[in-house]
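One structure is given below, encoded as structure tokens.
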Amino acid sequence: MIYYLIGIKGAAMGSLAKILYQAGHIVKGVDVADDFYTFENVDGISIENFSNMKLGKSYFYIIGNAFQNHSVTNYIQNMGYKYLNYPLFLTYYFKNRCWICISGTHGKTTTTKMISDLIPNNTSLIGDGSFQIKGKDNFILEACEYKNTFLNYHPDIAVILNVDYDHIDFFKTREDYYNAFVQFSKQSKLCIINGDEFSYRADHVITFGKKLNNDVVFQYEKGKVTILNKQFYLPIIGEKFAYDFVAAYLVAKIMNEKDYKIQQNMDGFIMPRRRLEKKEIHSQIVICDYAHHPNEIKTVFEALKEEYKAKKLICIFEPHTITRLQSFIHEFKTELSKFDCCYLYGLFSSAREAHNLVLERKLYKCLGFQNYDYHTQQQLSKLKDVVICFMGAGTIDSSYDAYLKLLQNIK
């Protein structure tokens, strides 16, 4: 089969493209010309730009979620070519597997990777553009709520990590957002829920958390989780990551994994790309993280503070979508102000919204932080014994890479 992916550089589409290629299919695709970390070092997959596409009826087209209304999609539909959108293709291609879907506002990518590491026989599609193929019995999917995409799935096991109002451009009220997760739970055979953060309960739900009213209660103490009378040591510091581990642990236990194997796999666990991704150069610790919601920034800060108590913490933040920044402007200011210093990178405006430079400047003025520019970069590079964290869901990883190169060239 020849698969052609519209929006192939997206995190989920990139993972799918690699899975299809590894399965022996011919894989092609189209996207913008910009480079993305989700699609690096991939040989054998041809990627075209929108200006030089060569479309034809011999391809099976897969339409990315961000391109449902794109002119290319309209052309494919008008020509009568074979196509499915991304979620429908997944349900078609992986229909004979046991489905495990990981959802929630925060922590999906990390938890999906944990579960894929803990369960031996699976194919997993992870939201940092990566994947794993270790068997064909189970399909592990990071299931995003944006535009109710996850409601296309009816998993055997669903995980809901948290429900923290987001994607304001689509979910107009907190109730709409909450109800989407309720519906996702209802259409799952078994649902594992963080009961400390999501109040929904039903016969098919297992809750976990630190509060005593949950079905499974755990304790956390700096990198150590105690659950069901067992202790596990995590390679990641921070209470938020303990919640992610417990969700992954419960899925693994349901799939009959042994505790000693779970610990062995966690000992070798490597965080996904841009999730507390860390480099140490000279006396600086430089981190890149995907955090783009106030509570994600809070999680990153708390993890860094727990691990690097005595060090000065500096962040460079790239806001992601103007609707999110506008809706949570005061929450952003509160969380970013916890760092010793904060600098703002240019706002990343996705294809889902029109860019509004006037509003952007107004919001940046409200935040009150300095802009990150060449002069700032040079000044930061001279500091000693600091932690510098680049945060955002857009293209700030390019500035992270540039900063690392600058440090490496300093003698």
Side-chain angles (χ1 to χ4, degrees), residues 15 97-104 106-128 130-143 155-162 188-196 204-212 214-273 275-278 299 303 306-307:
S15 299
R97 316 279 181 105
C98 173
W99 276 56
I100 302 170
C101 288
I102 297 83
S103 72
H106 320 297
K108 293 186 291 295
T109 300
T110 299
T111 308
T112 303
K113 191 171 187 301
M114 281 186 189
I115 294 173
S116 67
D117 283 359
L118 298 185
I119 297 175
N121 190 349
N122 74 77
T123 296
S124 58
L125 199 158
I126 306 170
D128 65 341
S130 66
F131 70 99
Q132 291 192 33
I133 300 177
K134 299 190 295 183
K136 295 184 176 181
D137 288 348
N138 306 301
F139 177 53
I140 301 172
L141 173 67
E142 178 175 335
D156 299 280
I157 301 174
V159 173
I160 298 178
L161 297 167
N162 38 64
S188 307
K189 293 180 181 177
L190 175 66
C191 193
I192 298 169
I193 288 177
N194 176 352
D196 290 350
H204 70 296
V205 167
I206 298 172
T207 64
F208 69 91
K210 294 176 64 180
K211 296 178 181 177
L212 297 180
N214 288 293
D215 298 317
V216 179
V217 179
F218 76 93
Q219 294 82 42
Y220 171 74
E221 181 186 352
K222 194 174 182 178
K224 182 176 71 176
V225 167
T226 303
I227 182 171
L228 300 179
N229 297 318
K230 300 286 185 179
Q231 288 187 346
F232 295 89
Y233 295 89
L234 310 183
I236 316 154
I237 300 297
E239 185 176 86
K240 168 64 177 60
F241 302 106
Y243 277 91
D244 294 344
F245 165 73
V246 171
Y249 171 78
L250 292 175
V251 173
K253 293 303 291 182
I254 290 169
M255 303 301 286
N256 297 315
E257 272 304 289
K258 303 294 186 182
D259 286 328
Y260 81 92
K261 290 291 291 182
I262 291 172
Q263 182 63 72
Q264 284 180 1
N265 287 324
M266 285 307 301
D267 288 341
F269 179 74
I270 299 173
M271 288 287 282
R273 285 287 308 273
R275 274 68 180 181
L276 290 180
E277 185 177 339
K278 178 168 60 177
T299 294
E306 186 174 349
E307 188 165 2

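Numbering starts at 1 and runs along the sequence shown.
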Residues in ring pair (Phe, Tyr, Trp, His ring centres under 6.0 Å) contact with Phe218, at least two apart in sequence or another chain
Tyr243
What is the distance from atom CG of Leu125 to atom CD1 of Ile133, rounded to the nearest 0.5 Å?
10.0 Å
With Asp156, which residues qualify under side-chain contact (heavy atoms from CB on, under 4.5 Å), at least two apart?
Cys98, Trp99, Lys189
Test Asp267 against Gln263 for side-chain hydrogen bond (donor to acceptor under 3.5 Å, both in side chains), laying out the working first.
CA-CA 6 Å; Asp267 288 341; Gln263 182 63 72; 2.8 Å; yes
CD1/Ile115 to CG/Leu141 distance, rounded to the nearest 0.5 angstrom?
11.0 Å
Shortest non-hydrogen contact between Val217 and Lys210, atoms and distance
CG1-O, 3.6 Å
Return the CG to CG distance between Asn214 and Asn194, rounded to the nearest 0.5 Å.
7.5 Å
Check against side chain to side chain contact (heavy atoms under 4.5 Å, CB included), Ile236 and Phe269:
CA-CA 9 Å; Ile236 316 154; Phe269 179 74; 3.6 Å; yes
Say you draw a straight line from NZ of Lys253 to CG of Leu118; how long is it, rounded to the nearest 0.5 Å?
11.0 Å
Please list, chain by chain and in numerical order, all residues satisfying side-chain contact (heavy atoms from CB on, under 4.5 Å) with Leu228, sequence neighbours excluded.
Val216, Tyr249
Passing candidate, side-chain hydrogen bond (donor to acceptor under 3.5 Å, both in side chains) with Thr123, options Lys136, Arg97, Gln132, Lys134:
Arg97
What distance do Phe245 atom CZ and Thr110 atom OG1 have between them, rounded to the nearest 0.5 Å?
14.0 Å
Heavy-atom pair of closest approach, residues Arg273 and Asp128
N-OD2, 2.9 Å
List for me each residue that meets side-chain contact (heavy atoms from CB on, under 4.5 Å) alongside Gln231, sequence neighbours excluded, and say none if there are none.
Lys224, Thr226, Tyr233
Lys278: salt bridge (charged side-chain N to carboxylate O under 4.0 Å, His left out) partners, not counting sequence neighbours:
Glu307
Quick one: list whatever passes salt bridge (charged side-chain N to carboxylate O under 4.0 Å, His left out) with Glu257, sequence neighbours left out.
none
